[in-house]
2 protein chains.
Amino acid sequence: MTGDTPHNLMIRKLGRIFHLCEEERQALQDLPMQVAVVKADHDIVSIGDRPHQCCMVLQGFTCVYKLSYQGRRQIMALHVPGDIPDLQSLHLKVMDVSIASITPCTVGFIQHEDMRRLCDRYPRLTAAFWRETLVDASIFREWLLSVGQRDAYARMAHLLCELLIRLKAVGLVEEGNTFDLPITQSEMADAVGISAVHVSRTFQALRANGLVETEKMKITIPDWDKLKQAGEFDPLYLHLDEGIAA
Amino acid sequence: MTGDTPHNLMIRKLGRIFHLCEEERQALQDLPMQVAVVKADHDIVSIGDRPHQCCMVLQGFTCVYKLSYQGRRQIMALHVPGDIPDLQSLHLKVMDVSIASITPCTVGFIQHEDMRRLCDRYPRLTAAFWRETLVDASIFREWLLSVGQRDAYARMAHLLCELLIRLKAVGLVEEGNTFDLPITQSEMADAVGISAVHVSRTFQALRANGLVETEKMKITIPDWDKLKQAGEFDPLYLHLDEGIAA
DNA sequence: CGGATGTTTGAGACCTATCAACACCAGTGG
DNA sequence: CCACTGGTGTTGATAGGTCTCAAACATCCG
């Protein structure tokens with residue numbers, strides 16, 4: 001589960017895309033990473049910053065968000081262990097979003113300098129990291145479709161589908177499609193673009209229809225097919241289980 | 001303006017990020033590109049495809065879109081000459097969106113193979129292309145903020161701001177902040193996530209407030225500051241005028 | 001000139017926001 | 001141990017932005 005070392009988390013993730021040779025594996029293993037603990041609800045990087053490092057989520061959940069001038073928050077992505085939310089900063093000097101912890105987190109910082117050295121030496125790793133940012137972009141697009149064209153019910157169902165799949169991929173889902181979702185309804189509201197009150201009502205509808213069960217911060221999906229259908233969920237956009245183009 | 005060769009369009013665009021050396025410039029110049037003409041409203045690449053080439057827009061406008069199961073369309077990006085809408089396909093085998101012309105277009109196809117050869121040889125070009133995809137992602141995020149948190153009026157103002165800036169960057173804006181926007185209100189509706197009739201009404205409001213003037217398919221922005229304010233527009237997310245991290 | 005396409009208008013319905021009150025829980029500190 | 005507190009979730013009532021449908025209107029083009 002999360003009893004994994006930071007580097008193994010990364011190696012396992014990149015290794016799903018194509019077979020890493022021993023040298024690449026070792027290079028990743030040697031990548032200097034500074035581990036830090038972050039309290040819940042704290043910015044890890046802020047919009048306007050010019051970071052000289054990337055951060056990988058090791059434990060906990062983080063989100064990418066932005067505020068409108070009226071102070072309304074849109075959460076644009078949720079990140080789970082193994083993700084690198086600000087990989088973009090490697091090539092975009094100034095942050096155009098903020099990244100915050102939503103639970104207490106441990107994160108690993110990797111200096112851009114080290115990252116660049118790694119990429120220079122191993123072009124296949126460059127491609128793999130590039131690909132990671134492309135998958136992130138694909139998820140943004142799917143969220144855009146959700147927020148633009150689906151109603152609240154479908155949006156929430158869709159988000160839950162996505163989280164189940166992504167958490168499964170990092171071994172954070174228990175038997176019976178149950179997983180921890182330490183997220184406030186108000187945060188979920190900011191993610192799907194509806195009000196917190198309406199999240200509450202929509203959750204009730206989902207529960208009433210037997211698509212979701214909730215207990216504290218634990219979610220279970222009793223009927224995966226029904227939830228998928230309600231959320232119009234097609235995992236294509238997550239680009240799992242396909243090799244990188246040779 | 002667009003009396004430019006395909007390769008110069010590309011060189012000028014990448015050259016804005018960092019100084020291309022003569023060798024890089026020549027390599028780009030030598031990149032094989034197959035030019036094609038596309039009728040309006042035709043898919044150039046479709047969701048589910050496994051392309052072996054990228055396409056660069058040379059003339060006209062294209063869009064990236066996706067359909068919900070109810071057949072509602074969300075346009076996720078508009079692309080103008082110089083853009084490479086499906087650069088992602090270089091590393092993501094299967095298309096998760098469709099790309100269509102919205103006007104008659106000429107596009108240039110570049111084989112992945114050639115692209116990869118170029119990137120292998122010139123790591124700085126790899127970085128530059130990677131960066132292009134990151135800017136695309138940043139635009140997705142800003143659109144997500146718009147669709148999720150701003151009302152119809154602000155969304156449309158924001159989109160017009162973005163188009164003005166991006167078209168200016170490729171020399172497609174005339175004196176007096178006037179530019180061609182050969183886009184149907186129904187297409188604009190799909191881009192900002194509201195209905196076509198509401199686009200009509202919102203356009204009227206924008207005109208009434210003196211933020212926009214329209215004539216045929218030509219848009220002019222009489223008061224840039226007011227439009228920017230109405231759209232909460234901050235060009236940071238476009239990542240213009242900043243060098244790539246060295 | 002006819003027909004197709006795009007835009008505008010009006011009216012009513014619908015989804016979702018907002019506001020306020022309340023219940024619940026977990027800490028906290030006296 | 002118990003009031004107190006702040007954060008979270010729920011509920012009800014009302015308001016408001018946007019949708020839908022339909023029809024009229026404008027524009028373009030062969």
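All of these numbers come straight from a predicted model, not from anything done at the bench. Chain A is the first sequence line, chain B the second, and so forth, proteins listed ahead of strands; every chain is numbered from 1. Keep in mind that the numbers below use all heavy atoms, side chains included, and drop hydrogens, waters and symmetry copies.
- Residue Met217(A) contributes atom CE, which lies 14 Å from atom P of dC25(C) at whole-angstrom precision.
- When all heavy atoms of Cys54(B) and Ser89(B) are compared, the pair lying nearest together is SG-OG, 3.9 Å.
- Here Arg207(B) lies in heavy-atom contact (under 4.0 Å) with sugar-phosphate atoms only.
- Contact annotation: Lys216(B) reaches the phosphate of dC28(D) (side-chain N/O to OP1 or OP2, under 4.0 Å).
- Test His158(B), Arg155(B), Arg150(B) against Glu232(B) for side-chain hydrogen bond (donor to acceptor under 3.5 Å, both in side chains) and you get one pass: Arg150(B).
- Contacts of Thr184(A) with the nucleic acid, taken as non-hydrogen atoms under 4.0 Å apart, involve only primed sugar atoms and P, OP1 or OP2.
- Contact between Leu78(A) and Leu159(A) at its shortest, heavy atoms only, is CD1-CD1, 4.4 Å.
- When the P atom of dA4(C) is taken as reference, atom CG of Asp41(B) falls 17 Å away, rounded to whole Å.
- Residue Arg201(A) places a side-chain atom within donor-acceptor reach of the base of dG12(D), judged by atom type and a 3.5 Å distance cut-off alone.
- Residue Ala196(B) is classed as having no contact, given no heavy-atom separation below 4.0 Å to the nucleic acid.
- Between the two ends of the helix from dC1(C)-dG30(D) to dG30(C)-dC1(D), each summarised by a five-pair axis, the helix axis turns through 40° (rounded to 10 degrees).
- When only modelled atom types and interatomic distance are considered, Thr133(B) and Asp136(B) share no side-chain donor-acceptor pair under 3.5 Å.
- Using a 4.0 Å heavy-atom distance criterion, Arg72(A) is classed as a sugar-phosphate-only contact.
- Among the heavy atoms of the strands lying under 4.0 Å from Val197(B) is at least one base atom, whether or not backbone atoms are also near.
- Ranking dT20(D), dT18(D), dT7(C) by closeness to the Gln185(B) side chain, first place goes to dT7(C).
- Met156(A) places its CE atom 11 Å from the P atom of dG9(D), with the value rounded to the nearest Å.
- Atom CG of Asp96(A) and atom CG of Asp49(A) lie 11.5 Å apart (nearest 0.5 Å).
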Dump the intermediate steps for salt bridge (charged side-chain N to carboxylate O under 4.0 Å, His left out) on Lys218(A) and Glu213(A), then the final yes or no. CA-CA 8 Å; Lys218(A) 263 194 181 341; Glu213(A) 290 163 13; over 6 Å; no

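- Taking 4.0 angstrom as the limit, Ser200(A) places a side-chain polar atom (N or O) nearer than this to OP1 or OP2 of dT10(D).
- Per the geometry, NE2 belonging to His198(B) stands 17 Å off P belonging to dC15(C), to the nearest Å.
- As rounded to whole Å, 14 Å separates atom C1' of dT18(C) from atom CD1 of Ile194(A).
- Rounded to an integer number of Å, the gap from Gln204(B) CD to dT7(C) P is 12 Å.
- With a 4.5 Å cut-off on side-chain heavy atoms, Ile75(B) and Met188(B) do not count as touching.
- One atom, CD of Gln149(B), and another, C1' of dA17(C), lie 12 Å apart when rounded to the nearest Å.
- Taking atom CD on Gln70(B) and atom C1' on dT20(D), their separation rounds to 15 Å, with Å as the unit.
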